[in-house]
Amino acid sequence: MARKQINVDIGARIRKEREKQKVPREELAGRCGISPYFEADLERGNVGASLSTIKRLCEELHISSDYVLWGDEEKRSVSECFAYVDDNYKELLLDILQKEIELIHSVERQTSLGHTSLESAMSNSEMDTN
């Protein structure tokens, strides 16, 4: 029986994320309430999955359904990115992110005040934060 391309694509994305996160197939299957054999067939594109199964897989892997269904990797939210981060580092990363946002706003203010060079605005902003 011929495999449907959509099943092959969805299965490949699920497998890619599972392996990236180093989650054993049996563990993911158990957390999603499916058999490891079904999970293997799903990843190979031999079978399709119900919406409820896709939803559980996305939740367990902390990935967007847009990515699983359409392969859209560029639209991950900050919270999805933080799902992979150890809790011990989240506060530090939030602090760094906030400082970067402040730097961006500072550069935008300086360029709107007539600074024509982005490098000039960036170096002035870095001086302001030091």
Side-chain angles (χ1 to χ4, degrees):
M1 187 160 116
R3 298 184 303 172
K4 293 181 180 177
Q5 189 59 47
I6 191 168
N7 293 343
V8 172
D9 294 342
I10 288 171
R13 291 182 197 113
I14 290 169
R15 181 178 191 167
K16 176 183 171 185
E17 285 298 317
R18 180 184 59 74
E19 289 177 344
K20 179 177 161 184
Q21 296 178 38
K22 298 178 176 39
V23 177
R25 180 178 290 132
E26 294 77 15
E27 181 183 326
L28 179 61
R31 292 183 345 210
C32 292
I34 58 178
S35 76
Y37 299 108
F38 181 77
E39 174 70 22
D41 279 342
L42 178 64
E43 289 181 0
R44 290 185 193 106
N46 294 332
V47 296
S50 68
L51 288 176
S52 61
T53 298
I54 290 173
K55 180 179 182 281
R56 286 194 308 266
L57 286 163
C58 290
E59 290 170 345
E60 290 298 326
L61 291 171
H62 307 287
I63 56 177
S64 75
S65 58
D66 285 352
Y67 168 68
V68 171
L69 296 173
W70 290 284
D72 187 4
E73 293 186 66
E74 299 301 316
K75 295 184 180 177
R76 284 194 174 175
S77 69
V78 172
S79 61
E80 287 173 322
C81 294
F82 269 61
Y84 300 108
V85 176
D86 185 289
D87 287 340
N88 297 322
Y89 297 106
K90 285 182 181 177
E91 188 173 327
L92 173 64
L93 288 174
L94 284 171
D95 185 48
I96 292 169
L97 184 58
Q98 182 60 42
K99 287 179 180 175
E100 289 297 319
I101 291 169
E102 289 169 7
L103 180 61
I104 290 167
H105 288 295
S106 176
V107 167
E108 288 173 345
R109 280 191 304 273
Q110 289 185 27
T111 55
S112 70
L113 292 174
H115 289 280
T116 56
S117 165
L118 180 60
E119 285 115 11
S120 171
M122 289 291 291
S123 65
N124 289 340
S125 293
E126 288 172 0
M127 285 185 239
D128 291 344
T129 59
N130 290 332

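- E43 is linked by a side-chain hydrogen bond (donor to acceptor under 3.5 Å, both in side chains) to R18, R25, counting only residues two or more places apart in sequence or in another chain.
- In this structure the side chain of V68 never reaches within 4.5 angstrom of the side chain of L57, judged on heavy atoms.
- Transitive grouping of hydrophobic side chains (ILVMFWY, heavy atoms separated by less than 4.5 Å) keeps L42 and V8 in distinct clusters.
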Fill in: K90/L93 under side-chain contact (heavy atoms from CB on, under 4.5 Å): CA gap, chis, key distance, verdict
CA-CA 5 Å; K90 285 182 181 177; L93 288 174; 5.8 Å; no
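- When the side-chain contact (heavy atoms from CB on, under 4.5 Å) test is applied to E91, no partner is found at least two apart in sequence or on another chain.
- Q21 is linked by a side-chain contact (heavy atoms from CB on, under 4.5 Å) to E17, V23, L61, I63, Y84, counting only residues two or more places apart in sequence or in another chain.
- Across all non-hydrogen atoms, the minimal contact from L69 to R13 is O-NH1, 3.4 Å.
- Linking ILVMFWY residues whenever their side-chain heavy atoms come closer than 4.5 Å, directly or via other members, places W70 and I14 in the same cluster.
- Across C58 and S65, no two heavy atoms sit closer than the pair SG-CA, 3.7 Å.
- Listed by chain and residue number, nothing satisfies the side-chain contact (heavy atoms from CB on, under 4.5 Å) test with L51 (two or more places apart in sequence, or in another chain).
- Here the straight-line distance linking atom CZ of R56 with atom CG of L28 works out to 10.5 Å at 0.5 Å rounding.
- R15 is linked by a side-chain hydrogen bond (donor to acceptor under 3.5 Å, both in side chains) to E19, counting only residues two or more places apart in sequence or in another chain.
- Around atom CD1 of I6, no more than 12 heavy atoms belonging to other residues, nucleotides or ligands sit under 6.0 Å away.
- In this structure, OH in Y89 is found 15.5 Å from CG in D95, a value given to the nearest 0.5 Å.
- Within 6.0 Å of NZ in K99 there are 12 or fewer heavy atoms belonging to other residues, nucleotides or ligands.
- Take N7 and apply the side-chain contact (heavy atoms from CB on, under 4.5 Å) test, not counting sequence neighbours, and it matches K4.
- Between the side chain of R31 and the main chain of E60, a donor-acceptor pair closer than 3.5 Å is present.
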